[in-house]
Amino acid sequence: MTALQKRALKTAELTEFVAAVGRKSSDRHGYDPNDRKFDPDFAKSVRRMRPEDFDRVLQDDED
């Protein structure tokens with residue numbers, strides 16, 4: 001797997017993670033069904049990322 005493919009895979013995973021975690025609750029009273037599926041290990045790695053790297057990966061997705 002090339003570096004470009006690895007970066008594209010990481011960008012896709014990060015975009016999917018942000019969409020799953022960042023969505024609004026389904027009820028206006030704050031009820032959240034907790035049906036979000038994401039890898040807790042990936043969440044740890046995202047939390048450890050420097051903000052500059054996080055932004056670079058997200059901006060790379062827009063190209």
| remark: The side-chain hydrogen bond (donor to acceptor under 3.5 Å, both in side chains) partners of R47 (sequence neighbours excluded) come to none
| Is it true that a side-chain atom of Q5 and a backbone atom of T2 form a donor plus acceptor pair closer than 3.5 Å? | yes
| query | What distance separates S45 OG from K10 NZ, expressed to the nearest 0.5 Å? | reply | 7.0 Å
| message | For the CZ atom of F42 and the CD atom of E16, what is their distance to the nearest 0.5 Å? | response | 9.0 Å
| said: According to side-chain contact (heavy atoms from CB on, under 4.5 Å), who are the partners of R50, at least two apart in sequence or on a separate chain? | reply: E52, D53
